[in-house]
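Here is the structure we will look at, set down as C-alpha cells.
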Amino acid sequence: MPHFIAKVPKPQSLDSAQVDSMPYAYKLHSLKSSNLALMAMPYVYQNKSRLCFVYEITRANDVLLKGVKSLRPVPSGILKMSLQILSKHYEIVQDNLALTALKQQVDSPFLLGDTEVLAIVESTQSTAPHKRVILEIGFGSGRHILHLAKEHKDALVIGLEIHTPSIEQVLRQIEILGLENLYVSRLDARQFLCCASSGSVSEIFIHFPVPWNSAKNRRVLNAKPLQEVLRVLGDDGYLEFRTDDREYFDDVLSLAKDNAYARATYTINTKQSITSKYEARWLAQDKDIFTITITPKAKPSKVDSRESWQKCAFGFDKKLVKSTLAKVSTQDVLQPNQKHREIFAYLWEKRCFEQGFLCVQDVYVSATRDRVAFLVHFGDFQYPCTRLIVFESNSVDGYAGQYLPEPPLQNPANMQAHELFTTILESI
C-alpha cells in the first residue's frame, strides 16, 4: 500500500484550512481516535471528478499517511499522486511513492465502477453490438480472460477481480492489444451475481479461486452464490469451475448435485487452449486439476422480486443532513470530550437485521463543523461493502448527503442498512 512516514508536523504545518485551500480537498478529525484524521484529495479519472481518501495517523515519534484500504482507488498511481501532493507539507522520513510501473497510471475507459458494470451488462441484453456476455470471476494475471476476449470478439467479456495489481496489469494489456470488448471491475463477484438480471450471462468462469477451507463462508462459490449463478445464466449457459484443491472440488460438486436446478459434470487433468499462471504452477508440482461444468437444469418457479428494491435510491433528506450537522457543531471538534463522543457513541454497536448488518466504524468531523463523514461497513454477511457517507453544507447544494466513492449496489441488504442508518441518525 502506498504511504509515507514523516516527522510529527508542527501545528501550523498542515491544518484543515491548508487542505481546504486545495480545490475540493478537506480534512476531517476522528471522534473515535484523537490521533487519527481523514483527508479527501480530489482527482480526475475518466473525465470525472473524484476523491481519494487518506489517513493521517499521528504516532509517538512520527506521522503515517496512507490510503484508506477499503476506499482505495484504482489504479494505485492515483493514490500515490495524492500522497505526493500531501507530502509537500511534511518533512519526509520514508516513503514508497515512486511510480514504479506505467500500468499504475493507466486512465482507462475499460475500468468500470460497481453500477457501471451492471449497466453495461443490462445494455447488452437490449442492444447489440455484442451477442452475449462472458464473465470471469478472479482473473488473476489475465491470461485466460485476455484469451477469451481475443477469441470471442462478438461477446462482451467482463472480468471481476479484487486484486489491484492484477487489474492494472490487464488494463495495460487491453490497451496494448487494442481490445474493445473487455471490461474489468473491482466489484465483489457475489454482489454482481446478486444484482444482475436473470439470464443475462451466457458463460461464467471461476478458475483457481482461493479455497478458504478453514473459512468456507469466504469462498466465492458456495451454496448462495451458486443459486444466483443458476439464475443469472441463460438457458444454454454454463459455469466452468477449475481448482487444484480436492476439498473445494468435492464441496462444489456436492453442492451442484444437491441443487434441484443444476446439472454437473466433471473431468480431471483436462488440457485447455490456454494455461493460466496458477495452473502452470500446479502442473509443475504434478498436482491434479479438477474441472466442474455446471449448467441450469430448470429455472426456479419463484418470481424474481428484485424489481421492487432496484427502484430505491440511496438519498438523504436535507433536513436530516442539517440537523446532524447542527448537533456536531455544538462541540469542540479538534479537542473532542466525553460529551461529544456520547452524541454518536451508540453508533459503534454492530446491528443485525433479517438481510444483513450495519456497523459504523468511525465518525469524522471537519474543524469548521460544516462536514461530517461516517465510515460504514454494511450489507449481506457474505458479501458486505464499505462506504463513506458524507454530510456537508455548501453554497452550491445547501445541505447534501452522499455515499463515496459511489453509492452501493441496490440489493435488499444494502437498502435495509441504508434505512436503518437513516433511522439511527433521526433518533440522535
Side-chain angles (χ1 to χ4, degrees), residues 112 116-139 144-145 147-160 181-183 185 187-207 209 219-243 249 251-267 270 272-274 290-310 383 409-412:
L112 303 179
E116 291 172 328
V117 68
L118 286 166
I120 197 171
V121 170
E122 295 293 327
S123 66
T124 302
Q125 289 186 282
S126 57
T127 59
H130 301 113
K131 295 181 180 179
R132 67 191 194 281
V133 175
I134 299 175
L135 171 68
E136 180 162 2
I137 296 172
F139 53 75
H144 184 260
I145 198 168
H147 175 75
L148 287 174
K150 287 186 287 186
E151 293 296 312
H152 303 282
K153 295 291 183 65
D154 62 332
L156 173 68
V157 182
I158 299 292
L160 303 180
N181 64 327
L182 172 57
Y183 294 83
S185 175
L187 172 63
D188 187 313
R190 295 165 296 184
Q191 292 203 39
F192 173 88
L193 293 171
C194 175
C195 296
S197 297
S198 299
S200 59
V201 179
S202 64
E203 300 151 56
I204 300 176
F205 296 90
I206 305 177
H207 286 184
R219 287 175 169 176
V220 70
L221 187 61
N222 50 37
K224 187 173 181 180
L226 176 59
Q227 192 67 16
E228 294 294 353
V229 163
L230 295 170
R231 179 186 61 78
V232 169
L233 283 172
D235 292 336
D236 298 324
Y238 66 90
L239 162 69
E240 181 179 275
F241 174 83
R242 305 195 81 206
T243 182
F249 162 74
D251 289 346
V252 171
L253 187 61
S254 177
L255 284 173
K257 288 183 176 180
D258 291 342
N259 192 302
Y261 304 105
R263 180 185 293 107
T265 60
Y266 71 90
T267 60
T270 302
Q272 295 203 330
S273 56
I274 188 73
F290 306 95
T291 303
I292 303 176
T293 302
I294 301 174
T295 56
K297 186 165 57 178
K299 292 294 182 183
S301 57
K302 183 179 179 181
V303 177
D304 191 347
S305 61
R306 293 174 313 119
E307 288 187 5
S308 61
W309 48 260
Q310 283 186 333
Y383 38 88
L409 294 182
Q410 294 178 329
N411 62 43

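Values below: every heavy atom of this structure, side chains too, minus hydrogens, waters and symmetry copies. Numbering of residues begins at 1 and proceeds along the displayed sequence.
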What verdict does the side-chain contact (heavy atoms from CB on, under 4.5 Å) test give for Asp154 and Arg132, after you've listed the backbone C-alpha separation in whole Å, the side-chain angles of each residue and the deciding distance to 0.1 Å? CA-CA 7 Å; Asp154 62 332; Arg132 67 191 194 281; 3.1 Å; yes

Parallel, tilted or perpendicular: which one describes the rings of His144 and His147, with boundaries at 30° and 60°? tilted

CZ on Arg242 to CD on Gln272, rounded to 0.5 Å: 3.5 Å

Give me the atom names and distance for the closest heavy-atom approach of Leu160 to Leu187. CB-O, 3.8 Å

Can you see which heavy atom on Lys150 is nearest to which on Lys153, and at what distance? O-CE, 3.5 Å

Would you confirm whether Ser198, through its side chain, and Val232, through its main-chain N or O, come within 3.5 Å as a donor-acceptor pair? no

Run the side-chain contact (heavy atoms from CB on, under 4.5 Å) check on Arg219 and Val252 step by step: do they pass? CA-CA 10 Å; Arg219 287 175 169 176; Val252 171; 5.7 Å; no

Which heavy atom of Asn181 sits nearest a heavy atom of Ala155, and at what distance? ND2-O, 3.1 Å

Spacing of SG belonging to Cys194 relative to CZ belonging to Arg231, to within rounding of 0.5 Å: 7.0 Å

The reported gap from CD1 in Ile158 to CD in Glu136 (rounded to nearest 0.5 angstrom) is 12.0 Å

Distance (rounded to the nearest 0.5 Å) between Leu182 CG and Phe139 CZ: 7.5 Å

Testing Ile294, Ile137, Leu135, Val229 one by one against Ile206 for a side chain to side chain contact (heavy atoms under 4.5 Å, CB included), which residue passes? Ile137

Note: Ala264 and Ala256 closest approach over all heavy atoms is CB-CB, 3.7 Å

Between OG on residue Ser254 and CG on residue Asn259, distance to nearest 0.5 Å: 11.0 Å

When you look at CG of Asp236, are more than 12 heavy atoms from neighbouring residues, nucleotides or ligands closer to it than 6.0 Å? no

Over 60° means perpendicular and under 30° means parallel, so classify the ring planes of Phe290 and Phe249, tilted if in between. parallel

Please examine the side chains of Glu240 and Thr291, heavy atoms only from C-beta on, and report whether any two atoms are closer than 4.5 Å. yes

Please report the C-alpha distance between Phe192 and Glu228 in whole Å, then the side-chain angles of each, then the deciding distance to 0.1 Å, and finally whether the side-chain contact (heavy atoms from CB on, under 4.5 Å) criterion is met. CA-CA 9 Å; Phe192 173 88; Glu228 294 294 353; over 6 Å; no

Go through the steps for Phe205 and Ile134 under the test side-chain contact (heavy atoms from CB on, under 4.5 Å), then give the verdict. CA-CA 8 Å; Phe205 296 90; Ile134 299 175; 3.6 Å; yes

Do Glu122 and Ser197 meet the criterion of a side-chain donor-acceptor pair at a distance under 3.5 Å? yes

Nearest heavy-atom approach of Leu112 to Ser185 is O-OG, 3.1 Å

At what distance, to the nearest 0.5 angstrom, does CG of Leu226 lie from CG of Leu239? 7.5 Å

Exercise: identify the closest heavy-atom pair between Leu253 and Ile292: N-CD1, 3.7 Å

